[in-house]
Amino acid sequence: MKFDQRPDLSLNQHLHLTTELKQGISILRMSAAELCEYVRQCVEENPFLDEDDWVEPRHPAIPERYMQDVSADALFEKRGHGSPESFDRERSDMSQRSFSIDRYLTETDSLDAFLSDQLRIQSDCTRTMVVGKYLIGNLDSNGYLCMSVDQVAAALGISEGEVGRVLSLVQQFEPTGVAARNLAECLELQLRKSGDLTPMLERLIKNYLADFETRTPASIARDMGVTLAELNEALDVIRTCNPRPAAQFGQPSRPIWPEVVVELGADGEYTVSLQDFYLPHMKINPTYRTLASTAKESEAKAYLTEKLKEAESLIDGINFRHATLYKIACCIVQMQIEFFVRGYDCLRPLTMAQVANASDVSESTVSRIVRGNYMQTPRGVFELRFFFHSSAYRAADRVVSSVSVKHRISELIANEDASAPLSDQAVSDLLAREGVSVSRRTVNKYRDELGIPARAARRRC
């Protein structure tokens, strides 16, 4: 076997991300709130960044938070009654009548801490505290107990009776309905505390709740031996309950700062602007810049040069982010102008590739900049990702997006005759008359995504 050594030349391509490029990409991904926190940290750590112009993130034009509270109508649709599994789905048309735990919930509060504080107030018994903390630690994000009483008893080596006693104590805490083991118990806890739990309501909750998925209210009323009007009154009481009593805990709400503002001018034209009041107008400290250029000691000079480079890179990255955000926002408004003028029905299909081509940036840049950034418009506040939809349907005079179709489906059902609700095929036919061809199967899919119950469950006499 013969071995030789000889020089060999090869050409390989490698992508190497510099520290500045990594920082620039990271800044592009940041929401306004995240960027604010990041800049604050950089100002504290880097002496080259002056903070004289720091402006606290407060602005009279921007609401401090945009929260989707649990709607009082999320339990049942106003026109009918869906399955228990669909009760906790997010509704796009949240009512103003909502549960606002956040009025006493701080940024650092968690469900565990909130309930533990109440436990300490209610009991000074060490044994009760141990069992109570164990129960609290096994609640899910909506406030439901994830274990059965016998499982808790076996885990702690105590009797089921003792677990049940402590569980009853925890179930008295706020938010009402917490530590329930299922939806029926959650509703019962809330109605009992409010004094609205009648024998008829208790029987309805315990025995007939799941039947609304497959049966009509009329047939359930017959089985219960009550009139349909009495059943509907009972369901109206149930609608006042909160099926997810602790949903606002665990993920503390953060303020949404719409960086992009779209306004309608007196000339009828829409204008785009950026609000950067939450950031300082940063500049390089001239004293430290001079020190960096005049330092004699190599170690000090290297440190100062590095910090100067970091400061300049941060300022350049933020300026690039602002310019890119403005450019992309202008493209979105231009391409979705019919939405701003006429509303949801005119929201057109739009891809990030289209905006990337129009704004002369990469598609990945568009993807990064629209995540977590919001636009304040005359029609409300929207995350920039809201304007991107690939599904398209051809209407009589335009191409519409899936969002527009869903919005129209919800409108048709909202205006239907409650005594004779529309079938999915009927909705499909109505859309066809408006020039939008959508199959019955697609209507069924979109209705389910909207959290709207089937026809039988929406019928009310």
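Note: hydrogens, waters and symmetry copies are ignored here, and every other heavy atom, side chains too, is used. Here the structure is a predicted model, which means the values were calculated and not measured.
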- Between L422 and L430, the two heavy atoms sitting closest are CD1-CD1, 3.9 Å

- Full working for side chain to side chain contact (heavy atoms under 4.5 Å, CB included) between I205 and L191: CA-CA 11 Å; I205 290 170; L191 293 173; 3.6 Å; yes

- Query: Hey, is OH on Y208 packed in by over 12 heavy atoms from elsewhere, all under 6.0 Å?
  - Reply: yes

- L28 and L325: CA distance, side-chain angles, deciding distance, side chain to side chain contact (heavy atoms under 4.5 Å, CB included) verdict: CA-CA 9 Å; L28 279 177; L325 177 59; over 6 Å; no

- Do the charged groups of R40 and E45 touch, with an N to O distance under 4.0 Å? no

- Residues V262, Q376; criterion side chain to side chain contact (heavy atoms under 4.5 Å, CB included); working and verdict: CA-CA 6 Å; V262 178; Q376 182 176 311; over 6 Å; no

- Message: Do T365 and I25 make a side-chain contact, defined as non-hydrogen atoms from C-beta onward lying under 4.5 Å apart?
- Response: no

- Query: Shortest non-hydrogen contact from S367 to V370?
  - Reply: O-CG2, 3.6 Å

- Tell me, please, which residues at least two apart from K327 pass salt bridge (charged side-chain N to carboxylate O under 4.0 Å, His left out). none

- Task: Could you walk me through whether L431 and S437 pass side chain to side chain contact (heavy atoms under 4.5 Å, CB included), step by step?
- Result: CA-CA 7 Å; L431 290 172; S437 178; over 6 Å; no

- Query: Is the CG atom of D417 crowded by more than 12 outside heavy atoms at less than 6.0 Å?
  - Reply: yes

- Between F382 and the options F339, F388, Y374, the ring pair (Phe, Tyr, Trp, His ring centres under 6.0 Å) test singles out F339

- Do E174 and K193 sit within salt-bridge range, that is, some charged N less than 4.0 Å from a carboxylate O? yes

- Message: Do K307 and F48 form a cation-pi contact, if we require the NZ or CZ to be under 6.0 Å from the six-membered ring centre and within 45 degrees of the ring's axis?
- Response: no

- Item | Distance-minimising heavy-atom pair for D140 and N142 | OD1-N, 2.9 Å

- Report the distance from atom CD of E233 to atom CG of L228, rounding to the nearest 0.5 Å. 10.5 Å

- Item | Side-chain heavy-atom pair S410, Y446 within 4.5 angstrom cut-off | no

- Query: When rounded to the nearest 0.5 angstrom, what is the spacing between CD in Q41 and SG in C36?
  - Reply: 12.0 Å

- Rounded to the nearest 0.5 Å, the CG atom of L412 sits from the NE2 atom of H407 at a distance of 10.5 Å

- Under the side chain to side chain donor-acceptor pair (under 3.5 Å) rule, collect the residues that match up with T198, sequence neighbours excluded. none

- Message: Can you confirm whether the side chains of T290 and T287 place a donor and an acceptor under 3.5 Å from each other?
- Response: no

- Query: Given side chains that start at C-beta, do those of V237 and L201 come closer than 4.5 Å, heavy atoms only?
  - Reply: yes

- Item | Side-chain touch L209/L187, heavy atoms, less than 4.5 angstrom | yes

- Task: Could you check if a side-chain atom of S219 sits within less than 4.5 angstrom of a side-chain atom of T216, using non-hydrogen atoms only?
- Result: yes

- Roughly how far, to the nearest 0.5 Å, is OG of S359 from CD1 of I369? 10.5 Å

- Task: Would you name the heavy atoms of R192 and E188 that are closest together and state the gap between them?
- Result: NH2-OE2, 2.6 Å

- Taking all heavy atoms of P258 and all of M375, pick out the closest pair and write down the distance. CB-C, 4.2 Å

- Message: For a 4.5 angstrom cut-off between non-hydrogen side-chain atoms, does I315 reach I284?
- Response: yes

- Query: After noting the C-alpha distance and the side-chain angles of E34 and R371, does the key distance pass the salt bridge (Lys or Arg N to Asp or Glu O under 4.0 Å) rule?
  - Reply: CA-CA 12 Å; E34 290 168 341; R371 171 199 164 274; 3.7 Å; yes

- Under 3.5 Å side-chain donor-acceptor pair for R29 and N373: no

- Taking everything shown except R379 itself, do over 12 heavy atoms lie less than 6.0 Å from its CZ? yes

- Over 60° means perpendicular and under 30° means parallel, so classify the ring planes of F340 and F387, tilted if in between. parallel

- Query: Below 4.5 Å, heavy atoms only, C-beta onward: do T324 and V366 meet side chain to side chain?
  - Reply: no

- Message: Quick check: do Q275 and E259 have side-chain heavy atoms less than 4.5 Å from each other?
- Response: no

- Query: Within a radius of less than 6.0 Å around NZ of K445, do more than 12 heavy atoms belonging to other residues, nucleotides or ligands occur?
  - Reply: no

- Message: Please report the interatomic distance CZ(R181) to SG(C186), rounded to the nearest 0.5 Å.
- Response: 12.5 Å

- Message: Restricting to salt bridge (charged side-chain N to carboxylate O under 4.0 Å, His left out), what partner residues turn up for R408, sequence neighbours left out?
- Response: E411, E434

- Message: Can you tell whether the side chains of E416 and R455 come within less than 4.0 Å, N to carboxylate O?
- Response: no

- Item | M224 versus M200, closest heavy-atom pair with distance | CE-O, 3.9 Å

- Message: Please report the interatomic distance CZ(R222) to OG1(T227), rounded to the nearest 0.5 Å.
- Response: 12.5 Å

- Task: Assess whether salt bridge (Lys or Arg N to Asp or Glu O under 4.0 Å) is satisfied between E312 and R289, documenting all intermediate values.
- Result: CA-CA 11 Å; E312 291 175 336; R289 184 188 288 276; 3.3 Å; yes

